[in-house]
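Okay, so here's the structure we're looking at.
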Protein chains: 2
Amino acid sequence: MGIEKKKQLKKQRDSLIWAAAKLFRRQGYSGTGLRDILAASGAARGSLYHYFPGGKEQIGAAAVTAAGGLVTETFVELARQADGPADFLRRYTALLVGWLEASDFRDGCPITTTLLETTPGSAAIGEAGRAVFADWQLVMETMLAQDNWPAVQIAPMATAMIAGLEGALLLARVQGTAQPIHDTVGALCTLLEAKEV
Amino acid sequence: MGIEKKKQLKKQRDSLIWAAAKLFRRQGYSGTGLRDILAASGAARGSLYHYFPGGKEQIGAAAVTAAGGLVTETFVELARQADGPADFLRRYTALLVGWLEASDFRDGCPITTTLLETTPGSAAIGEAGRAVFADWQLVMETMLAQDNWPAVQIAPMATAMIAGLEGALLLARVQGTAQPIHDTVGALCTLLEAKEV
DNA sequence: AATACTATAGCGACTGGTCTACATAATATG
DNA sequence: CATATTATGTAGACCAGTCGCTATAGTATT
């Protein structure tokens with residue numbers, strides 16, 4: 001009972017984190033005020049500083065960790081279902097394009113903007129971001145290893161996959177089209193299916 | 001004489017634009033105040049609103065156009081010197097890594113952060129960004145065409161090159177290492193040199 | 001004399017952060 | 001079991017500082 005109660009109580013905390021993550025994704029870190037987060041989550045100012053005595057920076061780091069972690073979970077689940085890295089990318093593309101179009105290309109990567117704004121100014125947010133990228137990298141590397149890629153090619157190829165996705169997402173948002181994602185993923189898949197790197 | 005004089009007078013305007021571009025690149029759009037730009041350029045507030053009656057949004061768009069245009073010029077010059085797209089990427093990588101290390105990974109892409117923050121909120125900045133990306137795309141496509149790529153592959157491959165560079169630059173800044181750039185460019189070069197897409 | 005440009009004071013709105021008052025919950029003590 | 005006591009969490013007023021922007025006075029250029 002105590003545990004469930006605690007979970008209930010932590011609901012306010014979670015609500016704050018997710019409200020912050022959504023707002024940071026759309027308007028960036030500096031462009032989002034604590035008042036926006038408070039209004040979106042319905043919490044009071046006192047609650048925010050109770051759960052996050054470190055203020056905006058701390059909730060920023062928590063939002064990066066939470067939103068990045070959700071992407072990691074999606075990656076892991078998709079990697080489990082997919083038949084190799086190229087199939088993984090195609091499946092993720094389908095999801096990604098769906099989200100983009102549903103939000104009219106407003107919702108991009110939930111951590112990129114915040115990280116670009118706060119690197120290297122905030123050590124806490126930067127560290128959260130590096131941890132997320134490391135998780136993503138691990139998922140990709142595991143997939144490539146299971147696809148029998150030569151050991152020395154695994155890490156670089158995994159990085160190229162993440163970089164390609166991030167860059168394509170940026171272009172897609174700015175241009176308001178999913179085309180950059182299809183083009184970039186197409187190129188990555190060519191590379192992944194050739195395998196003779 | 002009149003023309004030169006006008007150029008002289010426009011120096012304040014240019015100074016404002018470049019001060020803005022540098023600050024936006026490091027701290028983002030929302031994170032940079034007009035006071036910062038004024039202080040960095042040495043101009044007075046009145047001058048800013050004289051040259052940019054549209055205020056922050058207008059100087060933001062001008063900064064994107066100017067900084068993006070400088071990158072375009074670098075691309076064009078490098079494309080002229082390089083022996084094909086893969087060589088182009090390797091040469092640009094050398095430059096990029098040099099700039100990154102010289103700034104301790106503080107100076108990334110001069111337009112990415114601003115665009116992510118203001119898309120789709122600001123039509124003017126978004127339009128400036130799309131124009132820059134279109135220029136970059138044209139440079140890449142021209143290079144691929146000269147390298148005798150099949151017509152249908154040219155546009156997607158050009159997009160993938162830009163996306164890869166942008167994503168790698170993001171990862172490099174956050175991780176404080178040039179490795180993501182080397183890895184991503186390596187993968188792109190493999191693709192470019194195979195050509196059997 | 002007219003135009004182009006500079007300089008600064010000041011506006012209302014908003015920033016992140018602090019502080020105190022208060023409600024609720026868990027624990028301790030008779 | 002009932003009542004004190006201490007954590008825990010909520011609520012909002014308030015602060016100094018900064019935001020983008022406007023208005024006005026002044027200087028320089030043509």
Quiz item: Going through the distances and angles, do Leu115(B) and Ile125(B) end up as a side-chain contact (heavy atoms from CB on, under 4.5 Å)?
Solution: CA-CA 7 Å; Leu115(B) 287 171; Ile125(B) 298 178; 4.0 Å; yes
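- Distance CG (Asp36(A)) to P (dA13(C)): 17 Å, rounded to an integer number of Å.
- Protein atom CD1 of Ile37(A) is 11 Å distant from nucleotide atom P of dT15(C), rounded to whole Å.
- Spacing between atom CZ of Phe52(A) and atom P of dT10(D) amounts to 11 Å, rounded to whole angstrom units.
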What protein N or O atoms touch nucleotides 21-23 of chain D N or O atoms at under 3.5 angstrom, if any, and at what distances?
unit_1  : atom_1 : unit_2   : atom_2 : d
dC21(D) : OP2    : Tyr49(B) : OH     : 3.0
dC21(D) : OP2    : Lys56(B) : N      : 2.9
dC21(D) : O5'    : Tyr49(B) : OH     : 3.3
dC21(D) : N4     : Arg45(B) : NE     : 2.0
dC21(D) : N4     : Arg45(B) : NH2    : 2.7

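- Counting heavy atoms from C-beta on, the side chains of Arg45(B) and Leu34(B) come closer than 4.5 Å.
- In this structure, the CG atom of Leu23(A) is 12 Å from the P atom of dT15(C), given to the nearest Å.
- Atom-to-atom, NE2 of His50(B) to P of dT27(D) comes out at 18 Å; the value is rounded to the nearest Å.
- Listed by chain and residue number, nothing satisfies the ring-ring contact (aromatic ring centres under 6.0 Å, His included) test with Phe52(B) (two or more places apart in sequence, or in another chain).
- Atom CD of Gln12(A) and atom P of dA23(C) are 18 Å apart (whole Å).
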Distance-only donor-acceptor hits, side chain of residues 170-180 of chain A, under 3.5 Å, sequence neighbours excluded:
unit_1    : atom_1 : unit_2    : atom_2 : d
Arg173(A) : NE     : Phe105(A) : O      : 3.4
Arg173(A) : NE     : Arg106(A) : O      : 3.4
Arg173(A) : NH1    : Leu116(B) : O      : 3.3
Arg173(A) : NH2    : Arg106(A) : O      : 3.3
Arg173(A) : NH2    : Thr119(B) : O      : 2.4
Thr177(A) : OG1    : Gln175(A) : O      : 3.2
Gln179(A) : NE2    : Asp183(A) : OD1    : 3.0

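- The side chain of Ser47(A) contributes no N or O atom lying less than 4.0 Å from OP1 or OP2 of dG9(D).
- Taking the charged nitrogens against the carboxylate oxygens, Arg90(B) and Glu193(B) do have a contact shorter than 4.0 Å, which makes a salt bridge.
- The list of side chain to side chain donor-acceptor pair (under 3.5 Å) pairs with a residue in residues 157-169 of chain A, not counting sequence neighbours, reads Thr112(A)-Glu166(A), Gln137(A)-Thr159(A).
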Atom pairs and distances, side-chain donor-acceptor, residues 59-71 of chain A, under 3.5 Å, sequence neighbours left out:
unit_1   : atom_1 : unit_2   : atom_2 : d
Thr65(A) : OG1    : Ala61(A) : O      : 3.1

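- As rounded to whole Å, 10 Å separates atom P of dT15(C) from atom CD of Gln27(A).
- Rounded to a whole Å, the CG atom of Leu38(B) is 14 Å from the C1' atom of dA9(C).
- As judged by a 4.0 angstrom heavy-atom cut-off over every strand, Ser30(A) is placed among residues making no nucleic acid contact.
- Of the possible polar contacts, none joining the Ser15(B) side chain to the Lys11(B) backbone as a donor-acceptor pair under 3.5 Å is found.
- Between Tyr51(B) and dT6(C) there is a side-chain polar atom (N or O) within less than 4.0 angstrom of OP1 or OP2.
- Looking only at atom types and distance, the side chain of Ser47(B) has no donor-acceptor partner in the side chain of Gln12(B) under 3.5 Å away.
- Within residues 117-128 of chain B, no residue has any heavy atom under 4.0 Å from DNA chain D.
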